[in-house]
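Below: the structure, in structure tokens.
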Amino acid sequence: RMQEAGEYTMKMHPMWQGPLVAPGGNRQSPIDIRVRKSVFDPHLKPLTPDYDPRTCSQIWNNGYSFLVEYDDTTDKSTLKGGPLEDNFRLCQFHFHWGESNAWGSEHTVDRRLFPAELHMVHWNSDKYSRFEEAVMEENGLAVIGVFLKIGKRHEGLQKLVDVLPAVRHKDSVVEFTRFDPACLLPTNIDDYWTYAGSLTTPPLTEAVTWIIMKQHIEVSHDQLAVFRSLLFTSAEEEVQKSMVNNFRVQQSLQGRTVRSSFT
Ligand SMILES: COc1ccc(C[C@@]2(O)NC(=S)NC2=O)c(OC)c1
Ligand SMILES: [Zn+2]
């Protein structure tokens, strides 16, 4: 049976049995980006993503989102430049979304909510030898955040949307290859905000250099509706719960500066 509306809150989600706020955390994510409080940094370089679609390997439902995973055993899909001093390797991307188009993103811009947010996760391969190590270090990860808006159909996303029914339940995984993640970036990647933050689910480690794109991408209402057909629950569980509202509550800035690459 499907759960009743309101029967389930984020706090009961298994992912969230840990602390909802990282003890002693002073650089937690997500945040509201106050545009007029961000500081233009002329030294920020253009971002240079260089992705090889052949490193795309699988897609799986981890019970909180769905992850498209990339082979990160070599420097084939990388991210450099922007605020980054080192070379970072793409390891996965995933999304956060709401039960309605009125909300769903983790970050906001002057309190503006978006229906969904893409996270492209990279780890510092100059300093660490594997993702699991980098995720515990303060300069370990770089995550590109892209806001999604409802509009025209996103042709590149459709290949992903078509395979989602195959990973409907938690812990399901299917082979997924030759997907170019660059197709999910906005046309303008030179305008972004960047700040020091954290993972937005446990272990909430403060390892992330966030790079939030100013320009959003558009997906159709029907494409986003397929995201909501996924389930938090595995096939064996008696009560099935729709995978929606998989975003964290916003965290305080605690004196951090958000820099912008544009005026
Ligand atoms: C142990 O390593 C982890 C654990 C969780 C996540 C997922 C997340 O918390 N992080 C971002 S970004 N969004 C999220 O939902 C992760 O992603 C890099 C890495
Ligand atoms: Zn995320």
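Because the structure is predicted, anything quoted here is derived from the model rather than measured. FYI, the numbering just counts along the sequence from 1.
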Query - H169 side-chain N/O to E236 backbone N/O, donor-acceptor pair under 3.5 Å - result: no
Query raised in the report: Which of these, F147, F95, F247, sits in a ring-ring contact (aromatic ring centres under 6.0 Å, His included) with F114?
Result: F147
Query raised in the report: For the residue pair Y70 and F93, does the interplanar ring angle fall in the parallel (under 30°), tilted (30 to 60°) or perpendicular (over 60°) class?
Result: tilted
Report task. Step through the shown structure and confirm whether more than 12 heavy atoms of other residues, nucleotides or ligands are within 6.0 Å of NZ on K159. Result -> yes
**Report entry** Stepwise side chain to side chain contact (heavy atoms under 4.5 Å, CB included) test for H221 and N101
**Finding:** CA-CA 8 Å; H221 177 282; N101 291 335; 3.1 Å; yes
Query raised in the report: With a 4.5 Å heavy-atom cut-off, do P115 and L224 have their side chains touching?
Result: yes
Query - side chain to side chain donor-acceptor pair (under 3.5 Å) evaluation trace for R27 with Q251 - result: CA-CA 8 Å; R27 49 172 280 192; Q251 306 296 306; over 6 Å; no
Query raised in the report: So, S57 side chain and E69 main chain: donor-acceptor pair closer than 3.5 Å or not?
Result: yes
Query raised in the report: With no hydrogens and no angle check, is any side-chain donor or acceptor of R256 less than 3.5 Å from a backbone partner on A196?
Result: yes
Report task. Return the minimal non-hydrogen interatomic distance between Y64 and H96, and the atom names on each side. Result -> CE2-CE1, 4.0 Å
**Report entry** Side chain proximity check, Y128 to N139, heavy atoms < 4.5 angstrom
**Finding:** yes
Query raised in the report: Any sub-3.5 Å donor-acceptor pair from E137's side-chain atoms to A134's backbone N or O?
Result: no
Query raised in the report: Is a side-chain donor or acceptor of R89 paired with a backbone partner of N124 at a separation under 3.5 angstrom?
Result: no
Requested in this report: Classify the angle between the aromatic ring planes of F66 and W97 as parallel (below 30°), tilted (30 to 60°) or perpendicular (above 60°).
Outcome: tilted
Requested in this report: Just do the side chain to side chain contact (heavy atoms under 4.5 Å, CB included) check on Q28 and T200 with the steps written out, would you?
Outcome: CA-CA 8 Å; Q28 289 289 294; T200 62; over 6 Å; no
Query raised in the report: So, the side chain of E237 versus the backbone of T233: is there a donor-acceptor pair under 3.5 Å, distance only?
Result: no
**Report entry** Residue pair I189 / P49: nearest heavy atoms and the distance that separates them
**Finding:** CD1-CD, 3.6 Å
Query raised in the report: Heavy-atom distance under 4.5 Å between the side chains of V161 and Q158, does that happen here?
Result: yes
Report task. Please report the shortest heavy-atom distance between G197 and S29, naming the atom on each side. Result -> CA-OG, 3.3 Å
Query raised in the report: What's the verdict on side chain to side chain contact (heavy atoms under 4.5 Å, CB included) for V258 and I31, showing C-alpha distance, side-chain angles and the deciding distance?
Result: CA-CA 10 Å; V258 176; I31 60 167; 3.8 Å; yes
Query raised in the report: In terms of hydrophobic clusters joined by side-chain contacts under 4.5 Å, are V208 and Y195 together?
Result: yes
Query raised in the report: Taking atom types as modelled and ignoring hydrogens, do the side chains of E206 and S198 form a donor-acceptor contact shorter than 3.5 angstrom?
Result: no
Query raised in the report: Is there a donor-acceptor pair under 3.5 Å between the side chain of H122 and the backbone N or O of A142?
Result: yes
Report task. Classify the side-chain pair S172/N61 by whether it contains a donor and acceptor separated by less than 3.5 Å. Result -> no
Requested in this report: Check for a donor-acceptor pair, side chain of D75 on one end and backbone N or O of T78 on the other, with a separation under 3.5 Å.
Outcome: no
**Report entry** Approximate separation, where rounding is to 0.5 Å, of S125 OG and N87 CG
**Finding:** 4.0 Å
Query - Within-4.5 Å side-chain heavy-atom neighbours: V68 and P181 - result: no
Query raised in the report: Taking the side chain from E218 and the backbone from H154, do they hold a donor-acceptor pair closer than 3.5 Å?
Result: no
Query raised in the report: Hey, is the main chain of S229 close enough, under 3.5 Å, to the side chain of R168 for a donor-acceptor pair?
Result: yes
Query - Note, K127 side chain near E133 side chain (heavy atom, < 4.5 Å) - result: no
Query raised in the report: Should R54 and D52 count as an ion pair when the cut-off is N to O under 4.0 Å?
Result: yes
Query raised in the report: Do T187 and Q215 have side-chain atoms, one donor and one acceptor, less than 3.5 Å apart?
Result: yes
Query - Close side-chain approach of L148 to E117, heavy-atom, < 4.5 Å - result: no
Query - Ionic contact status for D41 with R259, cut-off 4.0 Å - result: yes
Requested in this report: Check step by step if side chain to side chain donor-acceptor pair (under 3.5 Å) holds for Q254 and N26.
Outcome: CA-CA 6 Å; Q254 298 210 4; N26 59 10; 5.3 Å; no
Query raised in the report: Linking I/L/V/M/F/W/Y whenever their side-chain heavy atoms sit closer than 4.5 Å, directly or via other members, would W193 and V143 fall into one cluster?
Result: yes
Requested in this report: Answer with yes or no whether the hydrophobic clustering places Y192 together with V109; edges join I, L, V, M, F, W, Y residues whose side-chain heavy atoms lie under 4.5 Å apart.
Outcome: no
Query - Shortest non-hydrogen separation from D72 to C91 and the atoms involved - result: OD2-CB, 3.3 Å
**Report entry** Closest heavy-atom pair and its distance - T194, P83
**Finding:** OG1-CG, 3.5 Å
Report task. May I ask whether V174 and L157 are part of the same hydrophobic cluster, defined by side-chain heavy atoms of I, L, V, M, F, W, Y residues being less than 4.5 angstrom apart, directly or through others? Result -> yes
Query raised in the report: Hey, are D32 and Q250 close enough side-chain-wise for a donor-acceptor pair under 3.5 Å?
Result: no
Query raised in the report: Less than 4.0 Å between a side-chain N and a carboxylate O, is that true for K76 and D71?
Result: no
Requested in this report: Identify whether L84 and W210 are in the same connected component of the hydrophobic contact network (ILVMFWY, side-chain heavy atoms under 4.5 Å).
Outcome: no
Query raised in the report: What's in the same ILVMFWY side-chain cluster as V173, cut-off under 4.5 Å, chained through other members?
Result: W60, L67
Query raised in the report: Any side-chain heavy atom of F232 within less than 4.5 Å of one from M243?
Result: yes
Report task. Taking the side chain as every heavy atom from C-beta outward, state whether L141 and F88 have any pair of such atoms under 4.5 Å apart. Result -> no
**Report entry** Nearest atoms (heavy-atom pairs only) where I144 meets L47
**Finding:** CD1-CD2, 4.1 Å
**Report entry** Evaluation steps, side chain to side chain contact (heavy atoms under 4.5 Å, CB included), between M120 and Y51
**Finding:** CA-CA 11 Å; M120 297 177 76; Y51 300 140; 3.5 Å; yes
Query raised in the report: If you measure only the distance, is there a donor-acceptor pair under 3.5 Å linking the side chains of Q92 and H94?
Result: yes
